[in-house]
Amino acid sequence: MTTAPETTEVTWTSDEMMSVAASRALGGVTACFVGIGLPSTAANLARRTHAPDLVLVYESGTLGSKPDGLPLSIGDGALAQTADAVVSVPEIFNYWLQPGRIDVGFLGAAQIDRYANINTTVIGTDYADPKVRLPGAGGAPEIAASCGEVIVVVRQSARSFVDRVDFVTSVGYGRGKGDRERLGLCGRGPSRVITDKGILEPDPDTCELTLTSLHPGVTVREARESIGWDLRVSRDLVTTPPPTGEELTVLRGLTDPKGSK
Amino acid sequence: MTTAPETTEVTWTSDEMMSVAASRALGGVTACFVGIGLPSTAANLARRTHAPDLVLVYESGTLGSKPDGLPLSIGDGALAQTADAVVSVPEIFNYWLQPGRIDVGFLGAAQIDRYANINTTVIGTDYADPKVRLPGAGGAPEIAASCGEVIVVVRQSARSFVDRVDFVTSVGYGRGKGDRERLGLCGRGPSRVITDKGILEPDPDTCELTLTSLHPGVTVREARESIGWDLRVSRDLVTTPPPTGEELTVLRGLTDPKGSK
Amino acid sequence: MASIVSLHDGVRDLVRDGDVVAMEGFTHLIPFAAGHEIIRQGRRDLTLVRMTPDVIYDQLIGAGCARKLVFSWGGNPGVGSLHRFRDAVQNDWPVPLEIEEHSHAGMANRYVAGASGLPFAVLRGYTGTDLVRHTENIKTVTCPFTGEVLTAVPPVNPDVAIIHAQRADRSGTVQMWGITGVQKEAVLAAKRSLVTVEEIVDELTPVPGGVVLPSWVVTAVAEVPGGAAPSYAQGYYERDNDAYKAWDAVGRDRDTFTTWLSDTLGVGARA
Amino acid sequence: MASIVSLHDGVRDLVRDGDVVAMEGFTHLIPFAAGHEIIRQGRRDLTLVRMTPDVIYDQLIGAGCARKLVFSWGGNPGVGSLHRFRDAVQNDWPVPLEIEEHSHAGMANRYVAGASGLPFAVLRGYTGTDLVRHTENIKTVTCPFTGEVLTAVPPVNPDVAIIHAQRADRSGTVQMWGITGVQKEAVLAAKRSLVTVEEIVDELTPVPGGVVLPSWVVTAVAEVPGGAAPSYAQGYYERDNDAYKAWDAVGRDRDTFTTWLSDTLGVGARA
């Protein structure tokens, strides 16, 4: 992890910037379906800073978990013990996710493509003889389909950001605008892809992921060089506001005690 | 209610004989789906006498209820408080009744016909303008379809025992042998209709209800005269053993304290 | 997040003439007080949905609030018939009552489909019964794997679901326990929901058998102690069996009922 | 009614070569001890079903017990990949492993269909994904009311379901709490079931969040304290996160794994 340039007061890592940016994306959100890892970090950071009432929903069946630290797994005991309710796994998918009750779904990705389709299944185009066998779908296909919107958090690399994913585990915008509607997917799809370099958003006309925000100290060239397609840059490109001291303090308080970073 | 003839020791009513006969029908049964009224009386009597481990399942969602007295309604608090588990109403029907997990379903009837079809919906053949509007189906259609077997408990009267029910709320044997299989119903159907006069069972060849047992003191003529079709009598007609002193003591202990008789 | 409201305001704001209204509670936790408030506020043309329409729906029907009833078992449990319901079906009094009837399994699955955002539910049910001949809302569906033909029912998605629960906290998160029937599904299937509770507390301590509806899926909560009487609220009060028995005589006669309506709820006969 | 058995006898009597075996437990209450006993007894050609195959299935796969895996997410939670699983899929070591993969929503609904005695379940799922191209067990079904096309999946009905729970009573009625995942459905969907428990007690006192499986739907119960370790059993012990991390190095290398198999479970390499 590279260390980003110092401001007058604080330094931060690119991963910290990514978590902070992801956390901020949860402003005004009621309920968020959270995966383990970066999404969980961001969601818990949001709950500790600007969104104290944010409802965290985990696919293990916990509704409204309020863990003290970061859970190490999706079925951590602290998630159950601090939840408003613990329901069965069938219920969490059928009653809570499927009808579109959850505003935001937070996903990671092994591969993500130009249209924000996500692959967490296999690397390599031959499913029967993959180059790398990945964990698989988990809750992601239906999170991507049914949440009001989806936020993807993933570190940039040419291996991860590809023109076309080897396997569509979770649908972003398919092959472009209108595909979600044609497929009958209820949610609006990925609204933001937050990386360690910046933020990509779907172009309103084409749904192609476009760079809309650069994290402080990152150049457009740096952001573009680790993307496997010719990344477009928004005319309204902005710079992501740097992490505040409070954000960093809370984030480090969350991640350090468990030694998970 | 008429009083049946005295034996040397005890007297009993025809309703008591009916409840006792119904209770005995639960020998060897693991789990029983119970409606309120006579079925509940019989099932609780069985649990207090020969079948202490009988599992009582009520459609309100209680599994393994062990009420002290007779519940007054299907959702009585005592049913929940003494149950092994209380589940939701969808679950009781989908996970417990539908897959055929329950050995015996205990039903009452407003009308029952020659092939043990049951009507609890309307009296009169015009559904839109009924002579009498009855409560309706409740859990009965699926209890009749999915329990391993069904036991019907109903007092005899020409109004209740009809050649053909005005409305098929719950299927017995349809129009005769083979109809259940054609309809794809999982359970074997009504194995016994227990009345205040005797016991009717489906003929093995035709599925027509046939008198197989007469309660003590009841004549064949008395049993046949309150049936709306030409009731056949089994060549192996037996007499129902009279209630034992223990059966009557337990039954009266169950029914009297609540003043429900 | 749920609003904390008075019963009067909750009914005023959430229940509109012509609405599809589901009031659930399977013998236990029946929202009687909310039903009475609907009568008091004179709602009309409601489509009332309920698996087990009992005394509270007999009262709503007798008061002329309903134009349609969707149900699976209508009776006074442990007592007998619902005379206002019968009078409406058989004699159109005080107004005609259209009915759509199902089995419990069918209704339960309709709520499940409603809560799940699905356009139908599949079950083994109704097969061979005459219920199928009297509602368009029972169809068949063929299993794409085995070819077996099963029964399909459409969801219930009420405009408003009304339930009674033991407790809520100040954020409007609701907790109930004991027999909780189909209430969770009813609330999740509905566009809006009103939950009356025995008490609003600072903190909901977990209880065995507890079912929780988080504040963010509930529209409004009203504190109405005794709001389920004469049914019962486990941990709070017992079922008033005498009141159920007494209802038989009140419901049996139009004049006696009209007097009851006036004396108890202060409502004149409207139909 | 359930029998109370030893773990050895339970696995011996209920798990047969070639069986479809579902071991469930969503991070919590994972039946590790039962999995180890299956390895010890040398079962072969199992079709292993599990939403989240993790370390325990990595061990079973590495030991050569499985010919097929049906799953929705296979990884070492919080750590990384399952190397034995990868080695089997990518290199057929120690034996080829056929896979059938789903999403969590799909698998959960397959268990629900299994528990419900239905030949399929309906969901909004898989649409537009490549998962559909790789399994026959994902089809479509058309809503008979709206014409909408939805996804259908067939039930999972394992020969045997194995779960771990906190407690059982002497009759074999099982009680678990905390995150209980899809375990109830797995047991109800299966032909036979084996439940390992932390302890067998005289009486099961109700607990908040408790899920009960009555004795008459359970085949056998074995008392195996610590039987979920290194996963956790709420109220008994915590998750051993270090053991999960340590597994990464063991699973990564065939020889290290084979040594582990021999040292820990007393099993020689068989494949």
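Since the structure is predicted, the reported quantities are computational estimates derived from the model, not experimental observations. Naming: A, B, ... by sequence-line order, numbering from 1 per chain.
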Worksheet item: Would you say the side chain of Lys139(D) lies within less than 4.5 Å of the side chain of Cys143(C), judging by non-hydrogen atoms?
Response: no
Fill in: Any side-chain heavy-atom pair of Thr146(C) and Phe120(D) under 4.5 Å
no
Fill in: Closest contact, heavy atoms only, Arg124(D) versus Pro119(C)
NH2-CD, 3.7 Å
Worksheet item: What part of Ser116(C) lies closer than 4.5 angstrom to a heavy atom of chain D: side chain, backbone, both or neither?
Response: neither
Worksheet item: Which one of Val211(C), Leu123(C), Val212(C), Asn137(C) has the most heavy-atom pairs closer than 4.5 Å to chain D?
Response: Asn137(C)
Discussion item. Tell me the closest heavy-atom pair linking Ala152(C) and Phe145(D), and the distance in Å.
Written reply: O-CZ, 3.5 Å
Discussion item. Need one label for Thr205(C): side chain, backbone, both or neither, based on atoms under 4.5 Å from any heavy atom in chain D.
Written reply: neither
Worksheet item: What part of Leu118(C) is in contact with chain D, defined as an atom under 4.5 angstrom from a non-hydrogen atom: side chain, backbone, both or neither?
Response: both
Worksheet item: Side chain, backbone, both or neither: which part of Val153(D) has a non-hydrogen atom closer than 4.5 Å to chain C?
Response: backbone
Item to complete: For each of Gly117(C), Pro154(C), Pro206(C), Gly209(C), tally heavy-atom pairs with chain D at distances under 4.5 Å, and name the one with the top tally.
Response: Pro154(C)
Worksheet, complete the sentence: Under 4.5 Å to a heavy atom of chain C? For Val207(D) that would be backbone
Fill in: More than 12 heavy atoms from other groups under 6.0 Å of CD on Glu199(D)
yes
